[in-house]
A.B. asks: 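Below is one structure. I have some questions about it.
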Amino acid sequence: PEARRSHAMDHDPRGVYDQASMHAIVKRPGFFESMPPIPGGVEALRQMAQEPGVHVCICTAPFGTGDDAAKCKAEKKAWVRRHLGEEWLTSDRFVCQKDKTTVPGAL
């Protein structure tokens, strides 16, 4: 698969987004960690995980590079720990990498 060259937030075909402001907001400490869960989302993950033969994992990408990406990943892990519990942070349940196309899976 072709490596992704930019983040979804950087795709602005109409040129209407203020990317510098968006990046500044997303890079603020606590941005990812403080996001509220989507209503019903946590319960849905737990229900799917109880289905026989179904393996549920969280696949996410860190925003930025270097230190910014490391901070983002840490915040996302803190969010998962708070809302889903430590058991969702194992390497087979929590995947945080730039190129999600290399993560195997099926729907």
Side-chain angles (χ1 to χ4, degrees):
E2 185 179 328
R4 189 167 85 185
R5 291 179 217 107
S6 63
H7 194 277
M9 284 179 42
D10 295 326
H11 294 285
D12 183 14
R14 291 186 272 161
V16 296
Y17 299 140
D18 178 352
Q19 289 182 356
S21 294
M22 286 191 323
H23 285 212
I25 291 167
V26 170
K27 289 180 181 180
R28 284 185 186 152
F31 177 80
F32 290 100
E33 190 174 352
S34 65
M35 284 188 161
I38 294 172
V42 169
E43 295 80 11
L45 281 175
R46 289 189 173 129
Q47 285 178 351
M48 287 187 291
Q50 291 177 356
E51 288 295 315
V54 175
H55 176 74
V56 180
C57 72
I58 295 168
C59 183
T60 186
F63 182 79
T65 58
D67 196 40
D68 288 330
K71 289 176 185 175
C72 176
K73 181 177 180 177
E75 285 200 19
K76 289 182 175 190
K77 288 178 86 171
W79 187 99
V80 169
R81 186 176 290 112
R82 180 181 313 123
H83 296 285
L84 294 166
E86 193 72 32
E87 65 272 16
W88 282 83
L89 290 173
T90 60
S91 61
D92 70 323
R93 276 197 138 164
F94 181 82
V95 178
C96 186
Q97 65 184 47
K98 280 287 187 188
D99 185 2
K100 294 188 279 186
T101 64
T102 64
V103 178
L107 297 175

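What you are looking at is a predicted structure, and each value in this text was computed from that prediction instead of being measured.
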A.B. asks: So if you build clusters from Ile, Leu, Val, Met, Phe, Trp, Tyr with side-chain heavy-atom gaps below 4.5 Å, do Trp79 and Val95 land together?
C.D. replies: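 Looking at the clustering, Val95 is in a separate group from Trp79.
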A.B. asks: Heavy atoms only: give me the nearest Phe31-Ile25 pair and the separation to one decimal.
C.D. replies: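 Closest pair (atom of Phe31, atom of Ile25, distance): CD1-O, 3.6 Å.
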A.B. asks: Does Glu33 have any salt bridge (Lys or Arg N to Asp or Glu O under 4.0 Å) partners at least two apart in sequence or in another chain, and if so, which?
C.D. replies: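 Salt bridge (Lys or Arg N to Asp or Glu O under 4.0 Å) check on Glu33 returns Arg82.
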A.B. asks: I need the minimum non-hydrogen distance between Trp88 and Leu45, along with the two atoms involved.
C.D. replies: CH2-O, 3.9 Å
A.B. asks: Run the numbers on Lys73 and Lys76 for side chain to side chain contact (heavy atoms under 4.5 Å, CB included), then give the verdict.
C.D. replies: CA-CA 5 Å; Lys73 181 177 180 177; Lys76 289 182 175 190; 5.8 Å; no
A.B. asks: For the residue pair Glu75 and Arg28, what are the closest heavy atoms and their distance?
C.D. replies: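 Scanning both residues completely, I find the closest heavy atoms to be OE2-O, 4.1 Å.
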A.B. asks: Taking the side chain as everything from C-beta on, heavy atoms only, tell me whether Asp92 gets closer than 4.5 Å to His55.
C.D. replies: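 Yes - at least one pair of side-chain heavy atoms lies under 4.5 Å apart.
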A.B. asks: Which atom names give the shortest non-hydrogen contact between Phe63 and Cys72, and what distance separates them?
C.D. replies: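 Between these two residues, the closest heavy atoms are N-SG, 3.3 Å.
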A.B. asks: Can you tell me how far apart NZ (Lys27) and CG (Asp68) are? Round to the nearest 0.5 Å.
C.D. replies: 4.5 Å
A.B. asks: Does Glu86 reach the main-chain N or O of Arg81 with its side chain, forming a donor-acceptor pair under 3.5 Å?
C.D. replies: no
A.B. asks: Work out which heavy atom in Glu87 is nearest to a heavy atom in Arg93; give both atom names and the distance.
C.D. replies: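 Looking at all heavy atoms of both residues, the closest pair is O-CD, 3.5 Å.
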A.B. asks: Applying a strict under-4.5 Å side-chain criterion to I, L, V, M, F, W and Y, I'd like to know whether Val54 and Phe94 cluster together.
C.D. replies: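 Linked within one cluster.
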A.B. asks: Is the shortest side-chain heavy-atom distance between Thr60 and Val80 below 4.5 Å?
C.D. replies: no
A.B. asks: Check Ala61 against Lys98 and note the closest heavy-atom contact, atom names and distance.
C.D. replies: CB-O, 4.0 Å
